[in-house]
*Asks:* 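Please see the structure below; I have some questions.
Keep in mind that this is a model prediction, so the values were computed, not measured. Computed over heavy atoms, backbone and side chain alike; hydrogens, waters and symmetry mates excluded.
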Protein chains: 2
Amino acid sequence: MKKKILISDIAKDLGISVTTVSFILNDKAKEKRISEGLTKRVLDYVQKVGYKPNELAKSLRTGKTKIIGLVIEDISNPFFANIARLIEAKAYSRGYRIIYCSTDNQPDKAIELIQLFRDRHVDGYIVTPSEGVRDTIESLQHSQLPLVLFDRYIPGLDSNHVITDNVRGAYDATAHLAQQGCRRIAMITLYSAQTQMRDRMNGYMRAIDIYKLQPYVKKVNLHDDEQTVIDDFRAFLEDQQPDAVFFATNYLAIAGLKAIKQYNLPFPAVVSYDDHTLFKLFTPTITAVSQPIEAIASELINILLNQLDGKEKGPKQVMLPSELIIRESSLVQTSSTGS
Amino acid sequence: MKKKILISDIAKDLGISVTTVSFILNDKAKEKRISEGLTKRVLDYVQKVGYKPNELAKSLRTGKTKIIGLVIEDISNPFFANIARLIEAKAYSRGYRIIYCSTDNQPDKAIELIQLFRDRHVDGYIVTPSEGVRDTIESLQHSQLPLVLFDRYIPGLDSNHVITDNVRGAYDATAHLAQQGCRRIAMITLYSAQTQMRDRMNGYMRAIDIYKLQPYVKKVNLHDDEQTVIDDFRAFLEDQQPDAVFFATNYLAIAGLKAIKQYNLPFPAVVSYDDHTLFKLFTPTITAVSQPIEAIASELINILLNQLDGKEKGPKQVMLPSELIIRESSLVQTSSTGS
DNA sequence: CAAACATGCTAAAGCGTTTAAGCATTTCTG
DNA sequence: CAGAAATGCTTAAACGCTTTAGCATGTTTG
């Protein structure tokens, strides 16, 4: 453990060449016709002295790092945190490591992070693209770098991506509320042109059309501080008096619930897009559109690793279904048991 | 953007040596007496062609990566996630990048991750040590690698670390419950010898002594699945009938609240160690011992960067105070407004 | 006006690997 | 039994940068 041991030390100690050691360590003993005896001798010795190659040198030489860069909107959002953990585990078992960073949905930060990963020569990229990163993503594609987007995609860009059926998810949520007898179903969403937000809006509108209702839409700013959002939302509730609210993300739902709690407002029926561990703990428990986290992570890692192995040809695009998990908050008879 | 441009390309294009370019790019122009004219010419050209040095090659040569490895218990726990984000931001502004991984408190995973970081030659380590990593940590220390532990430390190991006053935090929580008139104050904790858990237990016991109460302690297994924990906890509640419960971590509190909700049990007074964004959303809102996340992150990064700059001599150990945030769940008159 | 120093730059070694090319032997062929 | 082929290994270049040592000039000095 004292001094870092090198491949050349091994070679010297064993009286053979560095090349031979390298071949053996990289499982090329057969291919390069190294005798079994020597192979074993080297392996045993390496084991004994605990030699670990310098990964930096390896990467410099081979151009491969066995690292995947994960660019995520916000690691403190449980939806993303859980996907990150699953991806990490899956990649790990296939010999890859993950490094991840949050963009906070800020284009400049996203661009910088992707550049950072590029500087570090990661082998592949998994990205939740924030608005304004089109050029950066395109440049990755031009450089033929393995890449897969998720949660949303960039319209008009023919990329690999894994998304869920946001139109359907939002439709189901809204239709469910309508079926519960709600007439004034509001949607709370973000000022955002991202595809997943656009699709959720479309799903909501489709249900509104089919049930012949009036839309009530409130948009808020992602980067406003929480209290501002809470106050905005309160004003909206008091003005519009919806009998149901569909929140387009789980943090919007949380802000909304805080508003209701803080100002002691009457409880409308509620559905959140994206589930949250604690939604089943609320009073009332919160109905949510749950995305298939496990499947998303699997697809992502498969698509990326296939690309890395050169198995993949054309862009691969996957859309997975979400599931509406019905809890108390959307059932009209129990929805008024607030506070 | 077509072909990766190298420092040698710059040198050739400008008709000067690679050395000169390197000096200029590393802010050694003055020191190495490169003329201002040439310096500017190089800088402009580099800017124009968008040259970025190969960080791998740089690291291989210099032995520095400008990366800090963050080994964390569980990135999906908001306490850790928030600290991670703060550390990331602070490190970033000082020219360092963070790569992080979760250990799930499993020693073998922790050991492997630290080794992974070592293989990647990170410049420094910030670690929440799980049990069983003493040897690995000691080996880092022996190799003189910059290191700081947090949340807990390893007894008998003279390390840098940043912790909070767990004894005091737990004492305050328990004493508060006692002052509310609770007599049967239970503590729910983990089977764990880690210092933070031990200290929280000590704080609880001290309050129990001072208020002349009986201790009621329930220990659960960290790696049991949640439903098992919930069922165990329910049995404990029904057997012991505590009038107050002090949870030693926020996820224990969440499991406990789920048990209460799921089995519709009467609500005891409740305090959680570690706050959670959603605790103020519950019915009732949940009293918590809140650790100073911002200060912890600051101290960690300062200690580590000082070490990296060689400014630090002896081990630096910091203990920060926590704050009891009193909400409805611990106030006896309102604590029975359950479900 | 030679010695000493300052100025402005460069050649080449080195970081720790991988890998293309090659070189003795030995073993197989016809 | 000579030439071809197989066997088992090695030499040396390369990956893209940093850094030590040093080389021409030009400018002071005593």
Side-chain angles (χ1 to χ4, degrees), chain A residues 3-43 45-46 49-67 118-123 143, chain B residues 2-43 45-46 49-67 95 118-123 143:
Chain A
K3 218 175 173 56
K4 192 72 184 165
I5 167 166
L6 308 179
I7 197 172
S8 52
D9 297 330
I10 307 267
K12 200 175 300 161
D13 294 357
L14 259 37
I16 57 177
S17 83
V18 166
T19 306
T20 307
V21 179
S22 175
F23 283 153
I24 293 174
L25 289 175
N26 290 290
D27 288 331
K28 296 198 175 140
K30 295 273 138 57
E31 181 191 334
K32 298 294 180 180
R33 297 186 298 250
I34 310 294
S35 66
E36 283 193 16
L38 184 53
T39 301
K40 181 158 169 23
R41 206 152 65 87
V42 169
L43 255 20
Y45 189 72
V46 160
V49 299
Y51 164 75
K52 301 263 180 177
N54 180 322
E55 296 292 337
L56 287 173
K58 245 175 122 146
S59 295
L60 176 60
R61 182 57 232 243
T62 61
K64 311 245 145 275
T65 54
K66 289 280 176 182
I67 292 184
R118 232 175 147 156
D119 290 349
R120 300 290 170 192
H121 292 247
V122 303
D123 287 350
S143 308
Chain B
K2 217 63 257 181
K3 214 170 176 59
K4 192 71 186 163
I5 166 166
L6 309 178
I7 197 173
S8 52
D9 296 331
I10 307 267
K12 200 175 301 161
D13 293 357
L14 260 37
I16 58 177
S17 83
V18 166
T19 308
T20 306
V21 180
S22 174
F23 283 153
I24 293 175
L25 288 176
N26 291 291
D27 288 329
K28 297 199 175 141
K30 294 273 139 57
E31 179 190 336
K32 296 294 179 180
R33 296 188 297 249
I34 311 295
S35 66
E36 283 193 15
L38 184 53
T39 301
K40 180 157 170 28
R41 206 151 66 87
V42 169
L43 255 22
Y45 190 73
V46 160
V49 300
Y51 165 75
K52 301 265 179 177
N54 180 322
E55 296 291 336
L56 287 173
K58 253 177 114 143
S59 296
L60 177 59
R61 182 58 233 247
T62 60
K64 310 247 146 274
T65 54
K66 289 280 176 180
I67 293 184
R118 232 175 146 156
D119 290 349
R120 299 291 169 190
H121 292 246
V122 303
D123 287 349
S143 308

*Asks:* Categorize A/Leu60 for me: base, sugar-phosphate, or nothing, with a 4.0 angstrom heavy-atom threshold over every strand shown.
*Replies:*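 Base: the residue A/Leu60, judged by heavy atoms under 4.0 Å, touches a nucleobase.
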
*Asks:* Given D/dG16, is OP1 or OP2 found less than 4.0 Å from the side-chain N or O atoms of B/Lys58?
*Replies:*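 For D/dG16, OP1/OP2 do not have a side-chain N/O of B/Lys58 under 4.0 Å.
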
*Asks:* Is any side-chain N or O of A/Lys32 closer than 4.0 Å to OP1 or OP2 of D/dC9?
*Replies:*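 Answer no for this pair, as no side-chain N or O of A/Lys32 is under 4.0 Å from OP1 or OP2.
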
*Asks:* On the nucleotide D/dT18, are OP1 or OP2 found under 4.0 Å from the side-chain N or O atoms that B/Thr62 carries?
*Replies:*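 No, outside the criterion.
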
*Asks:* With a 4.0 Å cutoff (strictly under), does any side-chain N or O of B/Asn26 reach OP1 or OP2 of D/dT18?
*Replies:*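 So the side-chain polar atoms of B/Asn26 do come within 4.0 Å of the phosphate oxygens OP1 or OP2 of D/dT18, strictly under.
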
*Asks:* Describe the nucleic acid contact of B/Ile16 in one word from base, sugar-phosphate, nothing, applying a heavy-atom distance below 4.0 Å.
*Replies:*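 Sugar-phosphate, backbone atoms only, no base.
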
*Asks:* Indicate, yes or no, whether a donor-acceptor pair under 3.5 Å links the base of C/dA12 to the side chain of B/Thr19.
*Replies:*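 When only heavy-atom distances are counted, B/Thr19 does reach the base of C/dA12 through a donor-acceptor pair under 3.5 Å.
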
*Asks:* Quick one: is A/Ser22 getting a side-chain N or O under 4.0 Å of the C/dT18 phosphate, OP1 or OP2?
*Replies:*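 Yes.
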
*Asks:* Specify the residue among B/Leu56 and B/Phe23 whose closest nucleotide of DNA chain D lies further upstream toward the 5′ end.
*Replies:*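 The answer here is B/Leu56.
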
*Asks:* Does B/Leu38 reach a base, just sugar-phosphate, or nothing at all? Heavy atoms under 4.0 Å.
*Replies:*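 The answer is sugar-phosphate, as B/Leu38 gets under 4.0 Å only of primed atoms, P, OP1 or OP2.
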
*Asks:* Would you kindly give the NZ-to-C1' distance between A/Lys28 and C/dT17, to the nearest whole Å?
*Replies:*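 Distance check: A/Lys28 NZ to C/dT17 C1' gives 12 Å.
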
*Asks:* Hey, is the side chain of B/Arg61 pairing donor to acceptor with the base of D/dT18 inside 3.5 Å?
*Replies:*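 Checked by distance alone, the answer is yes.
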
*Asks:* Less than 4.0 angstrom between a side-chain N/O of A/Tyr51 and OP1 or OP2 of C/dT17, yes or no?
*Replies:*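 Yes, because at least one side-chain N or O of A/Tyr51 sits under 4.0 Å from OP1 or OP2 of C/dT17.
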
*Asks:* Should A/Ser35 be listed as having a side-chain N or O under 4.0 Å from OP1 or OP2 of D/dC9?
*Replies:*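 So the side chain of A/Ser35 is within the cut-off, an N or O lying under 4.0 Å from OP1 or OP2 of D/dC9.
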
*Asks:* Looking at CD1 of A/Ile34 and CZ of A/Arg41, how far apart are the two atoms once the value is rounded to the nearest 0.5 Å?
*Replies:*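 So the CD1 of A/Ile34 and the CZ of A/Arg41 are separated by 12.0 Å.
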
*Asks:* Check for a donor-acceptor pair, side chain of A/Asp9 on one end and backbone N or O of A/Leu6 on the other, with a separation under 3.5 Å.
*Replies:*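 Present.
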
*Asks:* Is a side-chain donor or acceptor of A/Ser22 paired with a backbone partner of A/Val18 at a separation under 3.5 angstrom?
*Replies:*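 Pair absent, no side-chain N/O of A/Ser22 close to backbone of A/Val18.
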
